[in-house]
J.: 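Quick one: the structure is below, and I'll ask about it shortly.
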Amino acid sequence: MSPPPKKPTEPTTLLLVRHGQSTHNISSVAEHSDQGEDPSLYDAPLSPLGKQQAAALAGNAELAGADVILVSPLTRALQTLLGAFPQAPLQCPPIEVCALA
């Protein structure tokens, strides 16, 4: 029988970061229901503004101190990660790409 898991000695902090603005966010299609049939909309990259928003996260002390980074495999999420951590994967917390459900 294995021992029970150790209880954390410190509270856990969860930081949530939404991806930057994507090209889908600014398209006219965003006003309508998208059923995911168009991959260019489903996996839309960041817009120029979205890239600026992601870059603005670079150097954020709270993010830099994270124990692990969980990220979606979608392009906009990965682009946001790379904007926030330009030196990734060399100088950033461990990264885990999560599967889509």
J.: Apply the hydrophobic cluster definition, ILVMFWY joined by side-chain contacts under 4.5 Å directly or through others, and give me every member besides Leu16.
T.: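 Leu14, all in the cluster of Leu16.
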J.: Linking Ile, Leu, Val, Met, Phe, Trp and Tyr through side-chain heavy atoms less than 4.5 Å apart, which residues share a cluster with Leu70?
T.: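 Taking Ile, Leu, Val, Met, Phe, Trp and Tyr as members, Leu70 shares its hydrophobic cluster with Val68.
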J.: Examine Leu74 and Leu81 and state if one hydrophobic cluster contains both, with Ile, Leu, Val, Met, Phe, Trp and Tyr joined whenever side-chain heavy atoms are less than 4.5 Å apart.
T.: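 No; tracing contacts between hydrophobic side chains, which count when under 4.5 Å, never links both residues.
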J.: Kindly state each residue pair satisfying side chain to side chain donor-acceptor pair (under 3.5 Å) with at least one member in residues 46-69, sequence neighbours excluded.
T.: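 Residue pairs with at least one partner in residues 46-69: Gln21-Ser47.
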J.: Tabulate below the donor-acceptor pairs under 3.5 Å that side-chain atoms of residues 82-101 make, not counting sequence neighbours, or state none.
T.:
none

J.: Residues two or more places apart in sequence or in another chain: which of them pass side-chain hydrogen bond (donor to acceptor under 3.5 Å, both in side chains) with Ser22?
T.: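 Once residues adjacent in sequence are excluded, the partners of Ser22 under the side-chain hydrogen bond (donor to acceptor under 3.5 Å, both in side chains) criterion are Asn25.
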J.: Once you round to the nearest 0.5 Å, how far does OG1 of Thr80 lie from CG of Leu46?
T.: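 If I round to the nearest 0.5 Å, the distance is 4.5 Å.
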J.: List in chain and number order the residues that pass side-chain hydrogen bond (donor to acceptor under 3.5 Å, both in side chains) with Thr75, two or more places apart in sequence or in another chain; answer none if no residue qualifies.
T.: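 Residues passing side-chain hydrogen bond (donor to acceptor under 3.5 Å, both in side chains) with Thr75: Asp43.
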